[in-house]
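Since the model is a prediction, treat every value here as computed from it, not as a measurement. By convention in this document, chain letters (A, B, ...) are assigned in the order of the sequence lines, proteins followed by strands, and residues within each chain are numbered from 1.
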Amino acid sequence: MPELPEVETLRRDLSVLVVGERIRRCEVRLPRLVSCPGCDAFCSRLRGSVIQGVRRRGKYLILTLDNGWEWVVHLGMTGSLLVAEEGSPEPPHTHLVVHLSPPRLIRYADPRTFGETAVVPAGDYSALKGLAQMGPEPLERSFTPRKLARALDTPTRIKPALMDQRRIAGIGNIYADEILFRAGIEPLRPANSLSEEELRRLHSSIRDVLREAISKRGSSTSDYVDASGRPGSFQDHHKVYRREGMPCPSCGETIRRTVLGGRSTHWCPRCQR
DNA sequence: ATAGGCCTGACG
DNA sequence: CGTCAGGCCTAT
């Protein structure tokens with residue numbers, strides 16, 4: 001899916017494009033993607049409200065409405081939210097259309113349909129377990145090396161631990177690999193085996209990689225596009241992700257790939273220990 | 001910790 | 001045909 005940098009890019013786009021807009025009506029074409037209330041309640045809670053702001057929590061987008069509800073969107077693996085106009089070409093797999101002041105609209109497209117959307121009472125995320133249990137935001141000031149150490153106080157392997165949303169919010173498969181490369185840490189290491197020095201390095205790597213990716217508007221390796229349908233460019237700066245067999249940009253050693261926790265994992269056996 | 005399931009599509 | 005794909009949940 002869109003990971004933290006892609007969702008943050010989308011958040012910024014949407015704050016410019018749709019804040020202040022009134023929702024006129026909505027079409028749910030694939031009710032399966034609308035969790036909890038069912039699509040009648042979903043649409044009636046959206047209809048007539050004004051979008052007041054757009055927040056991000058981990059990989060979730062939260063649109064605050066002026067009627068006491070919040071519209072929550074998770075893009076799964078291949079979801080996109082596109083702000084467009086009536087009559088413009090509709091992307092394949094458009095499962096939800098939210099109409100704003102004509103001719104503007106928001107389209108939610110998602111080929112693999114792993115996404116999820118809901119309207120919930122403001123601040124009440126009990127219906128969305130992933131959101132309710134979300135760990136600390138890595139880009140907030142309060143995310144210190146100490147907090148990272150607490151999140152990683154487990155003997156499980158560091159890479160799956162980094163991707164565990166209850167431990168740290170927003171890191172997925174691409175950024176876990178890129179972060180561990182930058183920190184010089186092997187993905188198989190037990191999470192609680194890091195020295196103070198390694199923890200500090202990992203802490204800055206997390207923040208540096210995520211911030212750089214946001215400044216490049218995210219990674220587009222397959223489906224991801226921003227709210228205007230444009231790809232990001234951070235994929236051009238990946239050092240290890242999907243680079244199996246290619247030389248490490250830092251030492252020239254061949255990048256390796258294995259499977260960890262069911263996910264493709266890429267690393268440099270010389271730079272990462 | 002791992003495998004499988006949810007889905008569709010691209011590629012070899 | 002098989003393998004792989006920014007996620008996440010369940011069962012073993």
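Nucleotides dC7(B) and dT10(C) are separated by 15 Å at their P atoms, to the nearest Å. Comparing dA3(B) with dC4(C), their P atoms are spaced 13 Å from each other, to the whole Å. With P as the reference atom, dG2(C) and dG5(B) are 14 Å apart, rounded to whole Å.
Between the NZ atom of K159(A) and the C1' atom of dA1(B) there is a distance of 15 Å, rounded to whole Å. Residue R263(A) contributes atom CZ, which lies 15 Å from atom C1' of dT3(C) at whole-angstrom precision. Computed from coordinates, the L131(A) CG to dC9(C) C1' distance equals 16 Å when rounded to whole Å. One interatomic measurement links the two molecules: NE2 of H74(A) to C1' of dC7(B), which rounds to 16 Å at whole-angstrom precision.
Side-chain proximity of K129(A) to dC4(C), dT10(C), dC7(B): nearest is dT10(C). Of the candidates dT2(B), dG7(C), dC7(B), dT2(B) carries the atom nearest the R157(A) side chain, counting heavy atoms from C-beta on.
Summarising the local packing, CZ of R29(A) is surrounded by more than 12 heavy atoms from other residues, nucleotides or ligands at distances under 6.0 Å.
Between Y241(A) and H238(A), the angle of the ring planes goes over 60°, which puts this pair in the perpendicular group of the 30/60° scheme.
Partner assigned to dG9(B) is dC4(C), using Watson-Crick or G-U wobble distances below 3.5 angstrom.
Contacts of T156(A) with the nucleic acid, taken as non-hydrogen atoms under 4.0 Å apart, involve only primed sugar atoms and P, OP1 or OP2.
The pair K239(A)-E212(A) does not meet the salt-bridge criterion, since no charged nitrogen lies less than 4.0 angstrom from a carboxylate oxygen.
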Pick out the pairs of N or O atoms, protein on one side and nucleotides 9-12 of chain B on the other, that lie under 3.5 Å.
unit_1, atom_1, unit_2, atom_2, d
dG9(B), OP1, H93(A), NE2, 2.9

